[in-house]
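Structure first, commentary second.
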Number of protein chains: 2
Amino acid sequence: MSQSNSEDVRAIRSTNLVEQVADHLTEAIIAGHYQPGERLSEMALARSLGVSRAPVREAARLLESRGLVVSQPRRGFFVRALDAAELEDVFDLRLCLERHAIERLALNYGEADRAALEHQVEVLCSLADDAGGSRRIEEDLKFHRLMITLGGNRRLLKAFNDLTHELRLCIALIAKTHESPESIAGSHRLLLDALASGDVGQCREAIDYHIGVARDYVVRSLDNSSLDKNGAAISGAAPGVSPEGEVLRVD
Amino acid sequence: MSQSNSEDVRAIRSTNLVEQVADHLTEAIIAGHYQPGERLSEMALARSLGVSRAPVREAARLLESRGLVVSQPRRGFFVRALDAAELEDVFDLRLCLERHAIERLALNYGEADRAALEHQVEVLCSLADDAGGSRRIEEDLKFHRLMITLGGNRRLLKAFNDLTHELRLCIALIAKTHESPESIAGSHRLLLDALASGDVGQCREAIDYHIGVARDYVVRSLDNSSLDKNGAAISGAAPGVSPEGEVLRVD
DNA sequence: GCCCCATAAACTGTCGACAGTCGGCAATCG
DNA sequence: CGATTGCCGACTGTCGACAGTTTATGGGGC
C-alpha cells in the first residue's frame, strides 16, 4: 500500500490539505484498502498523496480522535482493530445514545419532525439496489442523525457522530450489507410509529429492537468473516496494538 | 499571555512534547488563565514554551478533539466558549451516559464493585477542606469514572472522559465549588444504596438526582458569574466563534 | 470627527531537513 | 545450532523557513 500512483497525486489539491488527507484516509480505511492493525507510514502516505508529512500527521491525529486509527509513540499510526468485545461496547453505547435521543424527541414531537423523518425514510427506501449498499448505510445513519438532531441535544449528536466513525469501521470489516429494502423500511417505520404514539416506553422498545437487529447483523457477519480468514483477521493483527489504552486508567 | 518567561521554558522538556504541551494548555485553560473565546497564538505559545510550532499545533488539535478549544481555518485556535444551552446539553449527555452505566452496573453488581466504590467515596469524603476544591472535583469525577468502568463498557468510559474535559471547562468558568463534604458524601452514598438495592429504577432515580444537583449548581454559578462581568463573558466573547459547527450539518 | 481604503505586520498552512529511536539482519559467541 | 549483540536502514519527533492570508495600522476623503 505504498506505491506512489500519480492518480493519487492528482486526487488531492485545493484547500485545507489536512481535511482532504483525512477524508482520503477515512475512505481508504472504510473501503478496506488497509487491513485492521496495518501500519500507516507517514512518509509513504505523504509521498503517495504528494504532500508533506505535516498534513498527514494532523490528519492521522484527527482520525485517531475519531477512533479510526490508534497511535503508538515512536511507532506511528495503525488502523484500528476492533475485537468482538469492543463491537459490543460500540453498539451498547449507540443504544444508550439513541434511547436518550428518541425519548427526548418523543417528549417534544412536532409535525415538522414527523415530516422530516418520514421524508428521510422515503429517501432510504428509494435506494433499492444501490451500489454495494454503502450509500444505503450512509442514508440510514443520516436518518438516525436526523432523529438525534431533532431531539435537540447537539452534544449528543457529536457523541453519536464520533461513534458513527467506529460503526463505519466495523461495517467495513464485514461483507457488504444486503438487508432488503422492505425490512429497512419496516424497521424505521416502527420508530416513526412509536414516536407518533408519544409513548416513551414504546419508543424505547422500538429503538432497542432496531439497534438490536443491526448489532446482531454486524456481529454475525463479523463472526463469519473472522472465521473465513484464519480467525485472527480482526483481533491481534498487530501485536501490542491496544486501542485507547489511556481509557483503562481510572485515576 | 505571551510573555516568554524562562520558568515556562524549563517547565517543559523530557519526552513527548505534544502531550506535555497539551497538559500545560489544558491546565492553563482549566485554571482560567485564558478567557473563553480568547485566541491562542501558535507562535506565542511556541515561544512561551520554548518549543517549535509543530508540537503546539498537534497539542491544540488534541484539545480540539477534547472540546477544550475550537479551530477556525486560517484563523487559529480559540478557547472554547460554552453558552448556557451547551451547558445544558453537556449535563444532559452526562445524564444519558451515567444512567446507562449505573443500570449496567446494577445488573451485575458484585462485592468487589461495592468495596471499590465505597473506598472511593471515603477518599472523597476525607478531602474535607482541600485546596480550592479542584482536587475534590477530580476525586468526584474519579468516582464516576470508576462506576462507569465497573459497568464494563469501555467505549462508554471514553465518551464520558471526553465529556469530562468539557465539564472541567465549565467548572473553570464558575467560582470554585464549595459544596459541603457531608452533602457530597450523602449524595454519593445514595448511589451506593441504590446499587445495593439492585433496583434499576432506584438507580436511575439516584443518578438523576445526583447529576441534577451538580447541573443546577453549575448553571446557577454560571448565571451569577455571567451577571458579574457585563453578561457577555461567556457567550459571544469572540465574534464568529461557533463551536463545533461541523456538528450542525446532518447530511 | 467618522468611514473607507491601502499598506504593513502578524499569523497560519505547508514544506524540507536533521536528529534520535526503533526494528530487523547479520555476525559472533556459547 | 541457537541465543545474543552490534550495526544498518527506516521512520518518527521536532525544528526553522517560506508563501499566502488575515488582522491591525495609518492616511486620506467626506
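What you see is a predicted model, and the numbers here were worked out from it, not measured in a lab. A, B, ... follow the sequence lines: proteins, then strands. Residue 1 opens every chain.
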Atom-to-atom span, [atom1] of [X] to [atom2] of [N] - whole angstrom:
X: A:R47; N: D:dA10; atom1: CZ; atom2: C1'; value: 10 Å
X: B:E38; N: C:dC11; atom1: CD; atom2: P; value: 13 Å
X: B:F77; N: C:dT12; atom1: CZ; atom2: C1'; value: 10 Å
X: B:M43; N: D:dA17; atom1: CE; atom2: P; value: 11 Å
X: A:R74; N: D:dT14; atom1: CZ; atom2: P; value: 7 Å
X: A:Q72; N: C:dC22; atom1: CD; atom2: P; value: 12 Å
X: A:F78; N: D:dC11; atom1: CZ; atom2: P; value: 12 Å
X: A:N16; N: C:dT14; atom1: CG; atom2: C1'; value: 12 Å

- For A:A54 and for B:E42, find the nucleotide of DNA chain C with the closest heavy atom, then tell me which residue's nucleotide is more 5'. B:E42
Look at [X] together with [Y] and state whether they make a salt bridge at an N to O cut-off of under 4.0 Å.
X: B:E27; Y: B:R168; result: no
X: A:R135; Y: A:E139; result: yes
X: A:E166; Y: A:R66; result: no

- Message: Is the phosphate of D:dT12 approached by A:R75 (side-chain N or O, under 4.0 Å from OP1 or OP2)?
- Response: no
- Can you tell me if the side-chain N/O atoms of A:R57 get under 4.0 Å from OP1 or OP2 in D:dG13? yes
- Out of D:dC11, C:dC15, D:dT14, whichever nucleotide has its closest atom nearest the side chain of A:S41: D:dC11
- Query: With no hydrogens and no angle check, is any side-chain donor or acceptor of A:R104 less than 3.5 Å from a backbone partner on A:G151?
  - Reply: yes
- Task: Look at all strands and tell whether B:L40 reaches a base, only sugar-phosphate, or nothing, counting heavy atoms closer than 4.0 Å.
- Result: sugar-phosphate
- Message: Pick the closest DNA chain D nucleotide for B:R39 and for B:P55 by heavy atoms, then say which residue is nearer the 5' end.
- Response: B:P55
- Does a distance-only test, which skips hydrogens and angles, find a donor-acceptor pair under 3.5 Å between the side chain of B:R53 and the base of C:dG13? yes
- Item | Test salt bridge (Lys or Arg N to Asp or Glu O under 4.0 Å) applied to A:E42 and A:R57, A:R61, A:R75, A:R47, the passing residue | A:R57
